[in-house]
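A short write-up of the structure that comes next.
A, B, ... follow the sequence lines: proteins, then strands. Residue 1 opens every chain.
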2 protein chains.
Amino acid sequence: MKKSRYTCGLDAAMDIMGGKWKVLILWGLCDGPRRFGEVRREVPGISERILTLQLREMEKAGLVLREDYHQIPPKVVYSLTEFGSSLLAALIPLGDWGAEHMARIEAIPRD
Amino acid sequence: MKKSRYTCGLDAAMDIMGGKWKVLILWGLCDGPRRFGEVRREVPGISERILTLQLREMEKAGLVLREDYHQIPPKVVYSLTEFGSSLLAALIPLGDWGAEHMARIEAIPRD
DNA sequence: CAGTATCCCCCGAGATACTG
DNA sequence: CAGTATCTCGGGGGATACTG
């Protein structure tokens with residue numbers, strides 16, 4: 001048993017969206033279902049392996065739905081669940097904040 | 001040059017509050033200025049070294065203000081800047097979301 | 001009290017190659 | 001097309017001891 005309780009809601013929220021990519025994947029799915037390759041294009045810079053891992057974790061967390069059409073060539077479609085949508089909604093103000101201060105954030109020295 | 005541009009506001013926001021502790025430190029400062037030891041108590045589980053490092057980064061980022069009273073025994077007070085406060089404000093909905101779904105988040109299998 | 005100074009370690013993340 | 005299978009690596013984070 002690692003940690004049975006969070007100190008606050010922010011703690012819990014940061015935990016479920018942990019990692020470098022989950023939030024961007026969420027964002028990439030906001031306009032509707034996407035196939036694996038489409039998600040990959042929505043999230044520039046992510047490797048196939050990492051995308052797979054992140055999507056699996058998000059599926060376990062109930063944030064995304066994975067639908068495998070079991071056909072060849074393969075077709076798998078990912079979409080936000082209600083739970084994932086509600087998280088994304090809660091992230092909108094943060095996204096707005098980031099957009100508003102992007103120039104300033106970019107100007108912060110990186111070391 | 002690592003990355004000169006973010007893909008969206010969320011990307012930038014996640015970058016500046018990166019790491020495991022910054023959000024909790026922000027949260028710990030929301031009720032007013034705190035001395036080093038007080039912040040430590042507000043953020044259970046963090047070590048002195050890590051707290052120092054995180055606070056330094058947040059100071060560089062302009063999120064917190066560090067005031068050294070240059071006295072012995074030492075007294076250093078940390079507080080949120082306007083910038084930090086605005087970020088914290090943008091995080092409120094996320095904190096609410098996390099609090100609302102804490103039980104569910106806690107129930108997610110951790111491996 | 002508010003930090004440094006060391007040392008260590010895990011794992012998130014990347015690159016590349018291969019497959020049903 | 002949508003993934004595995006390996007291998008590798010860096011550094012963020014942790015524990016502990018020491019200091020002005």
Side-chain angles (χ1 to χ4, degrees), chain A residues 1-3 6-7 11 14-26 28-29 33-61 63-79 108-111, chain B residues 1-3 7 11 14-26 28-29 33-61 64-79 108-111:
Chain A
M1 198 173 296
K2 289 269 173 74
K3 218 191 204 182
Y6 298 108
T7 62
D11 197 359
M14 291 302 290
D15 194 25
I16 200 178
M17 36 179 276
K20 191 167 150 185
W21 298 106
K22 291 200 182 66
V23 170
L24 297 179
I25 294 171
L26 233 39
L29 288 173
R34 292 280 185 276
R35 299 183 59 171
F36 182 86
E38 292 173 327
V39 180
R40 187 153 160 52
R41 263 163 260 134
E42 296 267 8
V43 186
I46 196 169
S47 73
E48 292 182 358
R49 196 183 82 93
I50 299 299
L51 179 55
T52 302
L53 290 175
Q54 299 289 313
L55 282 170
R56 289 289 192 278
E57 282 179 30
M58 294 170 76
E59 190 193 0
K60 276 183 196 158
L63 293 171
V64 304
L65 180 67
R66 178 181 188 272
E67 291 173 288
D68 190 336
Y69 284 75
H70 298 98
Q71 61 185 42
I72 295 182
K75 175 180 177 182
V76 179
V77 172
Y78 293 92
S79 55
I108 298 170
R110 290 286 164 232
D111 40 274
Chain B
M1 196 174 296
K2 289 268 172 76
K3 219 191 202 184
T7 61
D11 198 358
M14 291 302 291
D15 195 24
I16 199 179
M17 36 179 277
K20 192 167 150 186
W21 298 107
K22 291 199 182 68
V23 169
L24 297 179
I25 294 171
L26 233 40
L29 289 173
R34 293 279 185 276
R35 299 183 60 172
F36 183 85
E38 293 173 325
V39 180
R40 186 156 160 49
R41 263 164 261 132
E42 297 266 8
V43 186
I46 195 169
S47 74
E48 293 181 358
R49 196 182 83 93
I50 299 300
L51 180 55
T52 302
L53 290 175
Q54 299 290 310
L55 282 169
R56 290 287 191 280
E57 281 180 30
M58 294 169 77
E59 190 193 359
K60 274 185 198 158
V64 303
L65 180 67
R66 178 181 187 271
E67 291 173 289
D68 190 337
Y69 285 74
H70 298 98
Q71 60 184 42
I72 294 183
K75 176 178 175 184
V76 179
V77 172
Y78 293 92
S79 56
I108 298 170
R110 289 285 164 233
D111 40 274

_Quick check on DNA chain D: between B:L53 and A:R35, whose nearest nucleotide comes earlier from the 5' end?_
A:R35
*B:Q54 and side chain to side chain donor-acceptor pair (under 3.5 Å): which partner among B:E59, B:R49, B:K22?*
B:K22
*Looking at D:dA2, C:dA13, D:dA17, which one has an atom nearest to any side-chain atom of A:I50?*
C:dA13
*A:I46 CD1 to C:dG12 P, straight-line distance once rounded to whole Å*: 14 Å
*When the distance from CD1 of B:I25 to P of D:dG12 is rounded to whole Å, what number comes out?*
15 Å
*Are B:R34 and B:Y78 close enough that some pair of their side-chain heavy atoms sits under 4.5 Å apart?*
no
*Using whole Å, report how far CD1 of B:I72 lies from P of D:dG20.*
11 Å
*Contact class for B:R40 (heavy atom, under 4.0 Å): base, sugar-phosphate, or nothing?*
nothing
*asked:* Are the side chains of B:P44 and A:T7 in contact, using a 4.5 Å heavy-atom criterion?
replied: yes
*Taking OP1 and OP2 of D:dC1, is either one under 4.0 Å from a side-chain nitrogen or oxygen of A:Y78?*
no
*asked:* When both hydrogen-bonding distances must be under 3.5 Å and the geometry is Watson-Crick or G-U wobble, what is D:dG20 paired with, if anything?
replied: C:dC1
_Minimum-distance nucleotide to A:E48 side chain [options: D:dT4, C:dG3, D:dG13]_ = D:dT4
*Could you check how far CG of A:L55 sits from C1' of D:dT4, rounded to whole Å?*
15 Å
*Nearest-Å distance, CG (B:L51) to C1' (D:dG12)?*
15 Å
*Evaluate the side-chain proximity of B:K75 to B:V77: yes if any heavy-atom separation is below 4.5 Å, no if none is.*
yes
_Value in whole Å for how far the P atom of D:dC1 lies from CZ of A:F36_ = 11 Å
_Gap between atoms CD and C1', on B:E38 and C:dC1 respectively (whole Å)_ = 11 Å
*Checking all strands, does B:Y69 fall into the base, sugar-phosphate, or nothing category for heavy-atom contacts under 4.0 angstrom?*
nothing
*Would you say the side chain of B:K60 lies within less than 4.5 Å of the side chain of B:E57, judging by non-hydrogen atoms?*
no
*Indicate, with a heavy-atom threshold strictly under 4.0 Å, whether A:Q54 touches base, sugar-phosphate, or nothing.*
sugar-phosphate
*State which of C:dG3, D:dG14, D:dG20 makes the closest approach to the side chain of B:R66.*
C:dG3
*D:dG3, C:dG3, D:dG13: which one has an atom nearest the side-chain heavy atoms of B:W21?*
D:dG13
*asked:* Of the options D:dG13, D:dT4, C:dG3, whose atoms approach the side-chain atoms of A:R56 most closely?
replied: D:dT4
*Between C:dC1 atom P and B:R34 atom CZ, what is the distance in whole Å?*
16 Å
*asked:* If you assign A:P73 and B:D68 each to the DNA chain C nucleotide with the nearest heavy atom, which residue ends up on the more 5' nucleotide?
replied: B:D68
*Quick one: the side chain of A:R49 and the base of D:dG3, do they pair up donor-acceptor inside 3.5 Å?*
no
*Could you check if a side-chain atom of A:V76 sits within less than 4.5 angstrom of a side-chain atom of A:R66, using non-hydrogen atoms only?*
yes
